[in-house]
Structure formats: C-alpha cells, structure tokens
Amino acid sequence: MGELPRYEYVKLADRIAAEIASGKLPSGAALPGERAMTELYGVSIGTVRRAVSELRSRGLVATLPAKGTFVL
C-alpha cells in the first residue's frame, strides 16, 4: 500500500513550517494576510485558515486579534 493522500491544508502547513525551519520566516516575522496567502500559494481562503490553525496547534505561530499571525 502507498501513502495516504494528504489534505491541502496539511501540505500548506508543512510548506510554511519548512519556511520557518529554514529561517526564511524567522521568529517574530508576520505571515502574509489570508488573501495574500491565497494568491501566493494558489489555494482557497478556507485552506489558508485551516493551515494557520494547524500551525498554531503545532506551536509554530500565534495569532493576535487585529494584528496578524506571527512566527514564534
């Protein structure tokens, strides 16, 4: 049996996590806004929201209301 397919939001979360790990997105850096991320990564806004939620659950980012989402 092969690997199970991964959801798009998990793929996006993994991609952003890799950018954080590589230093492309350093600690304290703000992630782009949701609409910008839809264009940047070519995914829907729902996918972006679920990916950011996944990154929060992994402890990689924090979202501050009316401020944005930042790398921890």
Side-chain angles (χ1 to χ4, degrees):
M1 265 184 111
E3 277 187 50
L4 293 174
R6 294 185 309 154
Y7 292 108
E8 283 300 312
Y9 79 92
V10 175
K11 290 179 188 177
L12 178 56
D14 289 346
R15 184 172 174 187
I16 296 168
E19 291 176 4
I20 292 169
S22 73
K24 184 176 178 184
L25 286 171
S27 180
L31 294 184
E34 289 179 344
R35 291 183 196 273
M37 289 175 72
T38 62
E39 293 179 20
L40 182 64
Y41 296 110
V43 295
S44 72
I45 198 159
T47 299
V48 168
R49 288 178 178 159
R50 288 190 71 182
V52 170
S53 177
E54 175 70 16
L55 292 167
R56 275 196 303 268
S57 72
R58 295 181 192 182
L60 296 174
V61 300
T63 302
L64 302 173
K67 299 287 183 191
T69 300
F70 300 87
V71 177
L72 296 176

Can you measure from CD1 (Ile16) to OH (Tyr41) and round to the nearest 0.5 angstrom? 4.5 Å
Val71 versus Pro26, closest heavy-atom pair with distance: CB-O, 3.4 Å
Identify the two heavy atoms, one from Thr38 and one from Ser44, that lie closest to each other, and give their separation to 0.1 Å. CG2-C, 3.8 Å
How far does CG of Leu25 sit from CG of Leu55, to the nearest 0.5 angstrom? 10.0 Å
Exactly one of Glu54, Met37, Glu34 clears side chain to side chain contact (heavy atoms under 4.5 Å, CB included) with Arg49, and that residue is Glu34
To the nearest 0.5 Å, atom CZ of Phe70 lies from atom CG of Leu64 at 5.5 Å
Enter the distance from Ile20:CD1 to Leu31:CG here, rounded to the nearest 0.5 Å. 6.0 Å
Indicate if Val52 and Tyr9 have the same hydrophobic cluster label, given that clusters are the connected sets of ILVMFWY residues with side-chain heavy-atom separations under 4.5 angstrom. no
Assess whether atom CZ of Arg56 is packed by more than 12 heavy atoms of other residues, nucleotides or ligands within 6.0 Å. yes
Assess the residue pair Val10 and Arg50 against the criterion (side chain to side chain contact (heavy atoms under 4.5 Å, CB included)); give the C-alpha distance rounded to whole Å, side-chain angles, the decisive distance to 0.1 Å, and a yes or no. CA-CA 8 Å; Val10 175; Arg50 288 190 71 182; over 6 Å; no
Between Leu40 and Val48, is there a shared hydrophobic cluster once you connect ILVMFWY residues whose side-chain heavy atoms come closer than 4.5 Å? yes
